Number of protein chains: 2
Amino acid sequence: MFGQIMVSKTFINLAEDKKKAVLQSAVREFARLGYQKASLNTIVRDASISKGSLYQYFQNKEALFHYIFEQFVFLVKRSVQGGGDVSSLHFFSKVRQVFWAGIHFVDYYPEYFQMYLKVLFEADVPGRENLLARVHLFSSEYFGPLCDEAREKGEIRDDIPAETVIFMIDALISSLLQGYALSYLDSGLELKRMDKKDISSQVDKVLLVLEKGLVKT
Amino acid sequence: MFGQIMVSKTFINLAEDKKKAVLQSAVREFARLGYQKASLNTIVRDASISKGSLYQYFQNKEALFHYIFEQFVFLVKRSVQGGGDVSSLHFFSKVRQVFWAGIHFVDYYPEYFQMYLKVLFEADVPGRENLLARVHLFSSEYFGPLCDEAREKGEIRDDIPAETVIFMIDALISSLLQGYALSYLDSGLELKRMDKKDISSQVDKVLLVLEKGLVKT
DNA sequence: GAGTAACATGACCGGGTGGTCATGTTTGGT
DNA sequence: ACCAAACATGACCACCCGGTCATGTTACTC
């Protein structure tokens with residue numbers, strides 16, 4: 001939709017290697033410093049191109065950034081939805097799948113994820129509300145039907161609104177991924193140091209509480 | 001402890017009005033733009049002082065920022081601990097108290113809270129890990145004993161480690177406050193538009209799930 | 001009221017920024 | 001072989017930054 005506006009055909013037609021180098025340098029810089037502080041000078045130096053070329057590919061800093069964020073959204077969707085057929089699973093198993101999709105995303109695209117976190121808390125990113133809305137829209141479009149279905153099947157209680165359930169799942173996944181991606185955000189779990197098996201049992205514990213509650217039965 | 005180093009006695013002896021003006025301008029600017037992008041020029045303009053004066057009060061930008069963050073930590077502690085005697089309450093009532101202390105904190109000190117959020121996701125804040133560690137230390141020092149006690153009393157199940165419980169409470173409180181403070185972080189609850197009564201019932205629902213789980217009993 | 005110490009001021013500095021553009025180089029069609 | 005169009009280059013621009021410092025102003029002591 002924005003494709004034609006934010007990136008020139010010169011860039012589209014570029015050799016694949018060069019394209020990757022430019023995108024990778026840009027993602028890395030945006031992940032490191034956020035939108036405003038990211039330096040185009042650094043990006044062009046890292047990507048071994050000239051500044052003039054960058055401005056031939058993208059109209060300006062904003063267009064470059066939006067192009068990369070679009071890539072991020074695409075990768076997120078593919079990660080969550082590409083996890084194989086899920087329709088036969090129990091509600092909590094589906095939620096577990098999403099937890100794991102998140103963990104894998106951070107593993108495969110750590111810089112994209114960190115860039116996203118930067119956008120979350122940087123005030124003057126152009127078009128930021130739209131960018132974040134797109135991510136959140138995906139989240140509620142995905143979990144909303146899941147909740148409704150689970151409620152119909154009687155898998156979860158019906159005196160808690162779907163929005164509240166989504167909120168809690170969102171909060172727990174976000175915090176878990178943030179702790180996993182950035183150790184200093186970890187609130188005591190030390191996820192960064194765990195191997196996959198320990199992380200798995202952590203996720204299981206969180207889901208157990210979500211399912212059965214903190215009070216022993 | 002750092003008091004003598006990071007702020008001059010000239011500033012301490014300043015007229016209360018002027019002191020407040022300087023601090024307020026600085027907090028506002030750091031909240032708006034984060035550490036790196038915050039402009040000392042803007043701060044001195046807002047506070048109606050000269051740049052030279054600012055440098056007579058604080059050694060540099062970093063010292064000013066650390067002084068303000070220290071204020072933040074002090075205000076947080078006072079907000080959570082100053083909520084009256086709590087020792088006789090049930091575990092979940094205590095947790096509810098902390099939720100409310102957070103809501104009130106955001107109401108009273110929105111700029112301090114936003115500044116804190118900025119620090120969370122800004123990479124090159126000097127001494128950032130220390131700053132965040134101090135906040136998190138307080139959180140686990142507060143909730144740790146609470147969990148242990150609740151487990152002894154049999155108020156919560158004993159097959160979930162305290163760290164996991166703290167992680168979940170932390171995640172839910174953080175997300176709730178972030179959604180409350182910054183509407184674009186809201187994941188569908190629209191907390192920003194609620195009155196206190198609706199927020200209260202939202203908190204209750206989250207705590208109900210935490211207590212009894214999502215599966216109907 | 002003179003003298004001095006504390007405090008206030010803003011022009012100025014080196015450096016980095018996003019963005020521009022005249023110039024040079026490569027490419028491909030004929 | 002030639003030429004035009006597409007692409008690459010980096011010096012350059014205006015602007016803003018954090019930080020400095022010579023100079024001015026205020027306040028207090030005797």
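Computed from a predicted structure; not experimentally measured. Each chain gets a letter, A, B and so on, in the order the sequences are listed, and its residues count up from 1. The figures that follow rest on heavy atoms only: side chains count, while hydrogens, waters and symmetry mates do not.
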*asked:* If the condition is salt bridge (charged side-chain N to carboxylate O under 4.0 Å, His left out), which residues does B:E62 pass it with, not counting sequence neighbours?
replied: none

_Net bend of the helix from C:dG1-D:dC30 to C:dT30-D:dA1, end axes of five pairs each, nearest 10 degrees_ = 10°

*For A:N60, side chain to side chain donor-acceptor pair (under 3.5 Å) partners two or more places apart*: none

*Just jot down the side chain to side chain donor-acceptor pair (under 3.5 Å) partners of B:K51, sequence neighbours excluded, or say none.*
B:N41

*Name all residues meeting the side chain to side chain donor-acceptor pair (under 3.5 Å) criterion together with B:D204; count only those two or more places apart in sequence or in a different chain, and write none if there are none.*
B:R96

*asked:* Please enumerate all residues that pass side chain to side chain contact (heavy atoms under 4.5 Å, CB included) together with A:A150, with sequence neighbours excluded.
replied: A:F91, A:E155, A:I156

*Is it true that A:Y57 and A:Y67 have ring centroids separated by less than 6.0 Å?*
no

Solution key, residues 13-20 of chain A side-chain donor-acceptor pairs under 3.5 Å, sequence neighbours excluded:
| unit_1 | atom_1 | unit_2 | atom_2 | d |
| --- | --- | --- | --- | --- |
| A:N13 | ND2 | A:K9 | O | 3.3 |
| A:K19 | NZ | A:I12 | O | 3.0 |

_Taking side chain to side chain contact (heavy atoms under 4.5 Å, CB included) as the definition, give me every residue that meets it alongside B:R128, ordered by chain and number, with sequence neighbours left out._
A:Y184, B:V119, B:V125, B:L132

*At the 4.0 Å heavy-atom cut-off to chain A, mark where contacts on DNA chain C begin and end, going 5' to 3'.*
C:dT17 to C:dC21

*asked:* Any residue in residues 20-51 of chain A with a heavy atom nearer than 4.0 angstrom to DNA chain C? Just list them by number, or reply none.
replied: A:A38, A:S39, A:L40, A:N41, A:K51

_For A:S87, give me all partners under side chain to side chain donor-acceptor pair (under 3.5 Å), at least two apart in sequence or on another chain._
A:D85

*Sequence neighbours left out, what pairs pass salt bridge (Lys or Arg N to Asp or Glu O under 4.0 Å) with at least one residue falling in residues 32-48 of chain A?*
A:R28-A:D46, A:E29-A:R32, A:K37-B:D124

